[in-house]
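Sequence lines set the chain letters: A, B, ... in the order given, protein chains first and strands last, and positions in each chain run from 1.
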Amino acid sequence: MGQVVDIAEGLFVAEPRPALIGGRHRDSGEVRFPCPAGNPAYEPVMLPHRGKLWSWTVQRFRPKTPPYAGPADFTPFALGYVELPDAVIVEAPFVDVEFDALHIGMEMETVLVPLTTDGEGRSVRSFAFRPVQE
Amino acid sequence: MADVFIVGIGIHPFGRTEGLSGLQQGAFAIAQALAEVGLEWRDLQFGFGGSDSAGGADTIVNEMGLTGIPIINVRNGCATGGSSLIGAWQGIASGQYDLGVAFGYDKHPRGAFNAMPAEYSLPDWYGEVGMMVTTQFFAMKLQRYMAQHGITPTALGRVAQKAFDNGVHAPHAWRRSPVDLETILTSQMISDPLTKYMFCSPAEGGVALILASEKKARQLGRANIRIKAAVTRTRPPGSFEVFSPSLSIERGGAPTLLASAAAFEMAGIGPEDIDVAQLQDTESGAEIMHMAENGFCKDGEQEEWLAEGWSRIDGRLPINTDGGCLACGEPIGASGLRQVYENVVQLRGTGGGRQAPGAPRVGYTHVYGAPGISGVTILER
């Protein structure tokens, strides 16, 4: 197992289970993701691990690089928005999902996944949603 | 404000033109518009113009002539053309000028627009994970809309089919041959539920509109097409826009709702008074959603509209009579003015094979774009 590095600081936590870190406005209570950097009006807040699929699509062609940093050998991936209850609707790629099974309202959960390998041979870890497997 | 008239129009065909810069295509359109009215470049007192990726409008003087007139550069995303029109309109309506030009042009590389996160104040990871792709946004907004309002993939196909049917009769359109519904529905899936033929492509082109005060328009014998409204709006809270890492759970309005309401109020009329409409159709679902956002039908009624052909040339409200962005492609700086150009053609009754019947009197245009901006115009004959 090589070294693992997160795609960005302060985006998510792995323990006790994967969850995203949003920002809550100190006055209005509005929640955003990611937490706005360098804006003292927002305080970091851990977002719910699970939520419901709000909308989705499938990325059928490889996005242009830059900015896309995924593997050169592209396979289509699903992505979409998941409504994390009483918090915020967050956009992310999906993993472990059959495209035909996607439907609005399905239960999704946060996972941390390897995106690519950086110039120093480290595995770059990002976040995604996947269907809840009961 | 004083009345302002559109007395001349010009267009460089949309699509791909090797050997001509975007700016030169803008100059082509200006020359055509001037020639139509019997004017010279030196007759113009001012201009507003712009492009998204083909350079500043003030360099148009290199092409047209060094007459010393003020040219204001506009760069306002998809609303670039609309904003140029507003600028030129206000310059005349205020009484400062009698004759000017609003123009837009562009030239984009092939393939999907490629945006970088930093240009939109987004963190780099947003692009690295593969979400800096405009087509995803359109697909996701549409996917949810279809589920909520009972819109079928067949309706999406019918929008594209209509666009290509209309484009056949528009000399400035890029794609000028019909595509059958089955081919549209079964073509390559780009971003579910949208197939290849349901998306427009970045393109090239130029459009120019010569505007005149009432006095000047009468002198020219061209006081026919009057600007009743021209507005742009940015987004309200809770709207769903391209490149949004998150959305608030409390959903809100849309920039198009604001722009449309403001334009109708300015013109003193309502959606029922519109005879012909050009609505932003960067993909076929956008036209469907924009039919409702602009007040021409209720959410979900588009399914019946399309099945019955009510938005076709001979329907109750012809929409995108020149094939819209789907048939013409999208040179960002020129696209909004192409819609206005097309409405002038329709109100003049010179649309030939794409002419809406019944001598349309009131025309409506609508653009929408990143990062949540909308522009609407209303013209009256």
Handout entry: Residue, of E128(B), M116(B), E250(B), that accumulates the most heavy atom pairs under 4.5 Å with chain A
Key = E128(B)
Exercise for the section: Sort out for me which of V90(A), V82(A), V58(A) touches chain B most, counting heavy-atom pairs under 4.5 Å. Expected result: V58(A)
Fill in the blank from the handout: So, the part of A128(A) with a heavy atom under 4.5 Å from chain B: the answer is neither
Practice task
Give a yes or no on whether a salt bridge exists between R26(A) and E43(A), defined as a side-chain N under 4.0 angstrom from a carboxylate O.
Solution key: yes
Practice task
Below 4.5 Å from any heavy atom of chain A, which atoms of F137(B) appear? Answer side chain, backbone, both or neither.
Solution key: neither
Problem - Check: S55(A) side chain, Y81(A) main-chain N or O, donor-acceptor pair, under 3.5 Å - result: no
Problem - Ring-ring centroid check F61(A) F74(A), cutoff 6.0 Å - result: no
Exercise for the section: Below 4.5 Å from any heavy atom of chain A, which atoms of M189(B) appear? Answer side chain, backbone, both or neither. Expected result: both
Practice task
Specify which of V124(A), L11(A), V31(A) makes the most heavy-atom pairs with chain B at under 4.5 Å.
Solution key: L11(A)
Exercise for the section: Check whether any side-chain heavy atom of P331(B) lies under 4.5 Å from a side-chain heavy atom of P202(B), and answer yes or no. Expected result: no
Practice task
Under 4.5 Å heavy-atom distance to chain A, tell me which part of Y126(B) shows up: side chain, backbone, both or neither.
Solution key: side chain
Exercise for the section: Check whether any side-chain N or O of T57(A) sits under 3.5 Å from a backbone N or O of D192(B) as a donor-acceptor pair, and report yes or no. Expected result: yes
Problem - Close side-chain approach of Q280(B) to C325(B), heavy-atom, < 4.5 Å - result: yes
Practice task
Report yes if some heavy atom in the side chain of D106(B) is under 4.5 Å from a heavy atom in the side chain of S53(B); otherwise report no.
Solution key: yes
Practice task
Counting only heavy atoms closer than 4.5 Å, note whether L79(A) contacts chain B via side chain, backbone, both or neither.
Solution key: both
Practice task
Against chain B, label E30(A) side chain, backbone, both or neither, depending on which of its atoms sit under 4.5 Å from a heavy atom there.
Solution key: neither
Exercise for the section: Would you indicate whether F138(B), at its atom CZ, is surrounded by more than 12 heavy atoms from other residues, nucleotides or ligands within a distance under 6.0 Å? Expected result: yes
Completion exercise
From the list T116(A), I7(A), D86(A), the residue making the most non-hydrogen contacts under 4.5 Å with chain B is I7(A)
Handout entry: Most chain A-contacting option - heavy-atom pairs closer than 4.5 Å, from A139(B), S191(B), G130(B), P245(B)
Key = P245(B)
Exercise for the section: Specify which of A147(B), S248(B), S244(B) makes the most heavy-atom pairs with chain A at under 4.5 Å. Expected result: S244(B)
Fill in the blank from the handout: From the list Y68(A), F77(A), W54(A), the residue making the most non-hydrogen contacts under 4.5 Å with chain B is W54(A)
Practice task
Could you look at F127(A) and say if it's the side chain, the backbone, both or neither that has a heavy atom under 4.5 Å from chain B?
Solution key: side chain
Exercise for the section: Look at A115(B), P123(B), G127(B), P117(B) and state which one has the largest set of heavy-atom pairs under 4.5 Å with chain A. Expected result: G127(B)
Problem - Candidates M289(B), E293(B), H290(B) - the one meeting side chain to side chain contact (heavy atoms under 4.5 Å, CB included) with Y368(B) - result: H290(B)
Problem - Presence of salt bridge, R17(A) and E109(A), under 4.0 angstrom - result: no
